[in-house]
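Each residue takes its place number in the sequence, starting with 1.
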Amino acid sequence: MTRSSVMAEGIMKLQYSPVLQQQEQHHLGIILPITSRGMKSPMVDLHSYLRQISGNLKLPSGSNLYVAVDNDDAVYRRDSSAYLFKEAFCEQKVTVVTEWPAALAAHAASSLEDSVAAAGAESVAPICAMLNILIKRAYEDGCDFFTMLGDDVCIDCEQQSSDNQRRNWFDLVVDRFAQIASLNSLPFGFGCVALNDTSSPGFPTFPIVHRLHVEAMGVAFCPSEFVNQDADPFVYELYRGWNASSLLLEVRLTNAIGGANGEPRYKRQHIDWKNTVLKSAINTLQSTYIHLLPPPTMLCIDVVIPTYRVNVQALRKILSIEQPTTVSTLFIIVIDDPSATEAADEVKKFESEYTGRVRVRCMPKNMGASAARNRGIEESAADWILFLDDDVEPEVDILHHYAHSIKTHGSRTCGFVGLTSFPRSDSAKIANAAYLSHILYFWSISERFPEQAVGWGVTANLLMRRTDVRFCTDFPKTGGGEDVAFCLDCQERCSLPLWSAANARATHPWWDNGRFQVVRFFKWAKGDGLLLDMYPQFTYRTLPNVNELTLLWVLLIALICCNSHSQTILPLNPALATLIWIWVVDIVADLYSLLIGPDCSSYPHITGFKTRFTGALASTILKAAVEFGHLWIQVRRLKIHNLCKRFDWFVNLSPNEKRKQQIQSCIRFTGYIMPILAHLFTLIVIDNTSHSDL
C-alpha cells in the first residue's frame, strides 16, 4: 500500500468515526408519495389531512421532506397546496415534486407507495425508478440519511434521554448506526436500520440508509433492475453479511395499506434479486469501500419449516435452537393448511414474540410440502437454507455444527446432509420393521458415510446452498422423491457434490405414535417411482422382483386360460400354489439375510432372536408395500418399459451396491422361477392332452 493510500484511508476512517459522527447534526431526507385520489372532499379535507399525516410521521425538525405528487393531481398541483404543505410540515424543509421524466410521466407519483396509478390498478408502476430520482435530489441537497414513508404510516416512539428530554425516533436511528459501526468496526453510516413495522412484524418495510449506501449504488437507493417491489428487503439483506442490518424495535410503525402482507392498489412486479443482483451489489460495496470494510464475517443461514400439522409446541422447540454469534438466522414458517386458523393464529404470534427472527407465511390452499418449501425459499435471501420438518427436534447446537461444516467444506459443496435419527422405543411397533427393511437407511446416511460426498439427503434435516433450483411439485403432496430430485438438481446446478455433516443432528418421532402401518411408505414409493424417468443416468436393470413377477404370472395365467379349450378350473390350483411359492421364497430370503445372512449384523441394537425375527417378518411387509408402490405408479402411468428398472439410491457413488442388488436379484429369481417352469410344463402337457382327446 502506498503512503498516499494509507493517508487516504486514515482520513476516511476519521471522517466516518462513529463517535464524531454521532455528535454531529444529521439531516434526514424523507420521500413522501401522496395523492388526492380517494378523498371524498379534497378541498375540505386537505388541510386537516396534511396535519394528520404530519402528526403521524413525527418527522425530526430540520429534515428535508420530498413530496411526490401525481402529474395530473387536481388538488396537490395547485399553487395554494404548497402553502398547506409548508404549514402542516412547518418544522421541515418541504419540496413538492410534480414533474417527472417523460419515461415515467404515464404513471402517478403516488404509485410510489400503495396508491392508485394514473393508468389504472393493473398498471406496472415504476416505483423504484421514481424513488431513485428523489433520493438523488435529496443527496444533492446534502441529506445524510434517506428513507421513504407513506401517507398511511403512523410512527410511535416513546423514549426519553438521561436528562428526561423526549427523543425523536430519528435520534434512535442515528444511535443504532453508531452501535453498528462500533460493534463491527465499520464506518459510521454503513448498514441499514429498519423500523419495527407492527403490520408486518420482522419485515423491513421502510429501511433507512446513509450517504455511504447511496454513493455505492451510484447515487441511488437500489439498482435499476427493480420495478416496484423488493427494494426494501434487498437493502436490508445487502448488509446482513457484515451484521449491519438492524431492526429498531423501540420505534413502532403501522402501515395501513400494502406492506409485506397487504394488498396494494397497483400491480406488483417482482424480480429475481436474491442471486446475481444481490451478489453483484455486495461486490460493489466491497470494491467501493475496499479500504474501510472488513470482509463479511456473518454466515447467513435461514431455516425453512413447512408445516401442515401446525403443532405450536413443536415449532417453538425448533425456534429455541442456539444461534451462533457469527450466524445470522431467520426462521421462515410456511403454513400449508389454511383451515387450521386457530393454530395458525398462535404461530403468527411468533413474529411479534421473536421480532426480526421469525417470519410466518400461509399458503392459499394445501399445496403440499414441495410448494411450501418453495415459498420458504422465496422468502429467504440467505446464502444457505436449512430445511427442517415441522415435527423434528433438532439438537440445540445444530447451527453451530452446520456453521463449522460451511467454514470447513463450504467452498467445495452445494450443501450438507445432517443426521436424522429416530428414538429407540420398545413401544413403537413399526420401529424394528422400519430399520430392518432399510427404509430409514438414508435418514442416517451422514453417519454411515461421515465427512464425505453423499448423493442426497432427506429434507427433514438438510442444509443447501442458495440457488435458483426449486422443489418439483409433480411429486405427491405428502412427499416421496422430491428430496432426491432437489438434491440432484442442486448438485448439477452448482457442479459441486453434497457433503455429510453427521454432527448436525435432529430427532424425528415415529409416525402415528409408532403404530404399524404401510400406507405412508406406499405413498412415498409412488413418488420415488417418478425418478426413473427424470434421472435415467441413475437407473439400472435387474430381474423381476416379487411384485413384478406376481403381476406377470397373473397376466400369463389369464392369457393361457383365455386361449385354452379346456376347463379353466384345471390350472388354477397349481397357479395359486406357484404364487404362494414365489412369496414364500421372497420372505424366506429376507429372513435368511436378516437373521443369519449378510445383513445379520445390521442394526445391532435389535437384539434377541424373537425380537429380530418378528421385526424381520414385519419388514417384509413394509418392503413389499414399497415395491408395490414403485410398480403401481409405473402401471398407472403406462410406463411398462420401467418394469425391472431400479433407481440407484447411491447415484453412482457406490457401484458395488448396484452389483450387489443385481446379484441378489438373480439368486432370488432362480428360486422364484423353478416352480413356475414346472407349472408351465404342466399347463402345456394338460393343454396338449386336451387337444389329443379331441
Note: [X]-[Y] ion pair, threshold 4.0 Å (strictly below):
X      : Y      : result
Asp390 : Arg309 : yes
Asp489 : Arg470 : no
Lys348 : Glu351 : no
Arg240 : Asp302 : yes
Arg359 : Glu379 : yes
Asp389 : Arg373 : yes
Asp586 : Arg668 : yes
Glu548 : Arg646 : yes

Quick check: are there more than 12 heavy atoms from other residues, nucleotides or ligands sitting under 6.0 Å from CD of Glu492?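 Atom CD in Glu492 is not crowded, with 12 or fewer foreign heavy atoms closer than 6.0 Å.
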Tell me, do [X] and [Y] make a side-chain contact under 4.5 Å, heavy atoms counted?
X      : Y      : result
Asn366 : Lys477 : yes
Leu617 : Leu591 : yes
Pro598 : Ser593 : yes

Looking at [atom1] of [X] and [atom2] of [Y], how far apart are the two atoms once the value is rounded to the nearest 0.5 Å?
X      : Y      : atom1 : atom2 : answer
Ser328 : Glu237 : OG    : CD    : 7.0 Å
Ile305 : Ile332 : CD1   : CD1   : 9.0 Å
Ile321 : Thr329 : CD1   : OG1   : 7.0 Å
Ser421 : Glu393 : OG    : CD    : 10.5 Å

Under 30°, 30 to 60°, or over 60°: which ring-plane class applies to [X] and [Y], parallel, tilted or perpendicular?
X      : Y      : value
Tyr435 : His605 : perpendicular
Phe538 : Phe647 : perpendicular
Phe669 : Tyr672 : perpendicular
Trp511 : Phe521 : perpendicular

Taking atom types as modelled, find out whether [X] and [Y] have a side-chain donor-acceptor pair closer than 3.5 angstrom.
X      : Y      : answer
Asn275 : Asp468 : no
Tyr592 : Asp599 : no
Tyr402 : Asn461 : yes
Ser339 : Asp337 : yes
Thr550 : Trp583 : yes
Asp483 : Thr459 : no
Asp590 : Thr620 : no

For the aromatic rings, using the six-membered ring if either is Trp, is the centroid distance between Phe449 and Phe442 under 6.0 Å?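 No, they do not, as the ring centres are separated by 6.0 Å or more.
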Do Trp524 and Phe522 have ring centroids that are under 6.0 Å from one another?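 No; Trp524 has its ring centre 6.0 Å or more from that of Phe522.
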Within residues 397-407 or reaching into it, pairs that qualify as salt bridge (Lys or Arg N to Asp or Glu O under 4.0 Å) - sequence neighbours excluded: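 For residues 397-407: none.
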Identify which one of Ile301, Ile385, Leu498 satisfies the side chain to side chain contact (heavy atoms under 4.5 Å, CB included) criterion when paired with Leu463.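 Option passing the side chain to side chain contact (heavy atoms under 4.5 Å, CB included) with Leu463: Ile301.
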For the student: nearest non-hydrogen atoms of Ala460 and Trp443, plus distance: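 In this case the closest contact between Ala460 and Trp443 is CB-CZ3, 3.7 Å.
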Looking only at heavy atoms, which two atoms of Gly455 and Leu653 are closest? And how far apart?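 The pair with the smallest heavy-atom distance is N-CD1, 3.4 Å.
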Does any pair with a residue in residues 469-500 pass ring-ring contact (aromatic ring centres under 6.0 Å, His included), and if so which ones, sequence neighbours excluded?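 As it turns out, the ring-ring contact (aromatic ring centres under 6.0 Å, His included) pairs with a partner in residues 469-500, which skip direct neighbours, are Phe387-Phe471, Phe387-Phe486, His409-Trp499, Phe471-Phe486.
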